[in-house]
Structures are given as C-alpha cells and as structure tokens.
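For reference, the structure discussed in these notes is given below.
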Amino acid sequence: MERIIAACKSALANDGYVIALTGAGVSAESGIPTFRGKEGYWTVGSREYHPQELATHAAFQQMPWDVWAWYLYRRTVCRRAEPNAAHEALVRWDRAVGDRFAVITQNVDGLHRRAGSPDARTFPIHGDIELMRCANDCVPDRWPLPEGVPLLEKGQAVDEATRALLVCPRCGGMARPHVLWFDESYDEARFFLDTSRRLASGAALLVVAGTSAQTNLPWQVVTLAARAGATIVDINVEENPFGEIAAQSGGAVRGSAAQVFPALVSALI
Ligand code: APR
C-alpha cells in the first residue's frame, strides 16, 4: 500500500484530473448485489430467469411491465442500502481536491450522490434507478420517479395505479427506467460519454474500484487515461483486467473498497 500511496502522491503533484471510476463492488458492502459475483444479479438470474435479457430495449418493447417490475424491485434494494465507507471517503477526497476531482460510476444505485458527492462532479454513465425518461425519447430529459411509485418486492407486479404514474410528463406516452441497456449505446446527453472521455484524456490519477471491466466506456476511460500518462490504481477483491493495467502503473490493491478507500484517501489528504 505504501508504494501505491507514494505513486498517488506524485501523480497528485501533476496537473490533471483526479478520477475515481467505480463499479458494483463499491456498493457490495452496502448490501447491493454485484452483477457477476456469486450472488450477482446476472449470476443468480441464470438459475431462475435471465435478467440480462430483461436489461434490454428489446425486452422493454415486448414486456414493459416485467422490465419495470424488475427495476422497481432493484430500486427497493438500493433504497434499503446506505452509503458505505468507500462512498464517504470519496466525498472527503472530492472536498479536498475540488474542481479537478470526478467520480465516474457504473452504479445506478445513487449511493455516491446520497453520500454527498456533488452532481457537478459525479457522472453515472449507466443511468440512475431513481430516474425515468420518455420511452419514445420525445425529449432527452429525465425525471425523478413520481412520489406514488411504490417500493416493489422481488417478483411483485406493477399494478394499474403505478402504471398510470409511469408516463412521460411531456408527451403523456409511456416512461421507461433511465438506465443503459445492453442493446443500447452511450451518448453525452444521457450517459456523459464525451465528459468521461474528456476527463480521462486529461487525467493525472485514475483510481478504478469494484469493477470486473466488462463494459465499454470504462475501458475507454482507462485506455485514454493510460495514454495521457495518468497513474492508474485498481482496488478490487479479485484479479481483473484493469488490475493488470494498474500493475504497470500505480499498482493494484486486493482488498475491499470500504477498507482500502478510507485508508488511501486519509493518506492523500
Ligand atoms: N470491494 C472491491 N471490489 C469488490 C467488492 C468489494 N467489497 N466486492 C466485489 N468486488 C469486485 C468483484 O471482484 C468484481 O470484479 O467488484 C466487481 C463487480 O463486478 P460486476 O458484478 O461485473 O459489476 P460491474 O463491473 O460494476 O458491472 C459493470 O455491467 O452489467 C452491467 O450495467 C451493469 O454497471 C454494470 C456493468
């Protein structure tokens, strides 16, 4: 850990952005399942049903209320979770570093925001489970889910009253969850594509945490940051492809995010 702290300190002496790129592993200790872990959403699903198929625009077109039921159940899991020491450490780091700090997160759970990470420097690149938008994309706007939308339990269906609430406030058409589905692409207006690339291309330090490196934009962020000469650190309980890249740079820590981030941030601020 000493070597990693030293590498981070010299990186922080350079100009450039200080970025935390987070994945489901950062929220695991808040009780939110990861996706590909032993009890992960995609893993468990394969025994009962294939939620990965649910996380597609195609599925939403065929069975919108099954898809909504699944996201409203996941929303319940997120609501019942609390930010952990990793989320809180990133808020402290944000306050210490200021404008050149950023959190780029794959998590739709909103825990960074609930911990106090400022919206201006927090970029949820896969959406937000508390937001909806027009299913016909009449406008790119997104809205908080209406007050009356209940917290659904697993397998609970969306009733008529709730269906009447899940409509686009602009055109009155159907609304959809504001999440990025597997058969959809990143853009700037909804998923901070250009912002993430710009930050990565100007990075001095990139700390990647709790991700298995299975999605596209995080790879672009790591690749662009490496190309920009940034110091890259990986925090994960397991080996992963970003760990190999970090090993050539700032180093990889095999430990839990809620234990490593507070120690790292305390050493740096
Ligand atoms: N601390 C640090 N890392 C952890 C912890 C922990 N407490 N617990 C698990 N991990 C690591 C796992 O070892 C794994 O590498 O977190 C990673 C979680 O990987 P995934 O479940 O694949 O989640 P993630 O990488 O965030 O998935 C990316 O894929 O399915 C889509 O849209 C979904 O945003 C998601 C994206």
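The figures that follow rest on heavy atoms only: side chains count, while hydrogens, waters and symmetry mates do not. Start at 1 and go down the list; that is how both ligands and their atoms are numbered.
Residue pairs meeting the side chain to side chain donor-acceptor pair (under 3.5 Å) criterion with at least one partner in residues 199-213, sequence neighbours excluded, are Q106-T211.
Contact check on D99 versus R121 returns a salt bridge, with a Lys/Arg side-chain nitrogen under 4.0 Å from an Asp/Glu carboxylate oxygen.
Screening Y186, F191, F192 for a ring-ring contact (aromatic ring centres under 6.0 Å, His included) with H126, the sole residue that qualifies is Y186. With R113 as reference, D128 is the one residue of T122, D128, D119, T105 to meet the side chain to side chain donor-acceptor pair (under 3.5 Å) rule.
With a 6.0 Å cutoff to the six-membered ring centre and a 45° limit on the axis angle, R74 counts as a cation-pi contact of W70.
Here CH2 of W181 is found 5.0 Å from CZ of F60. Values are rounded to the nearest 0.5 Å.
Closer than 4.0 angstrom to ligand 1 lie heavy atoms from G23, A24, G25, A28, E29, T34, F35, R36, W42, Q106, H126, F182, G210, T211, S212, T215, N236, V237, E238, G255, S256, A257.
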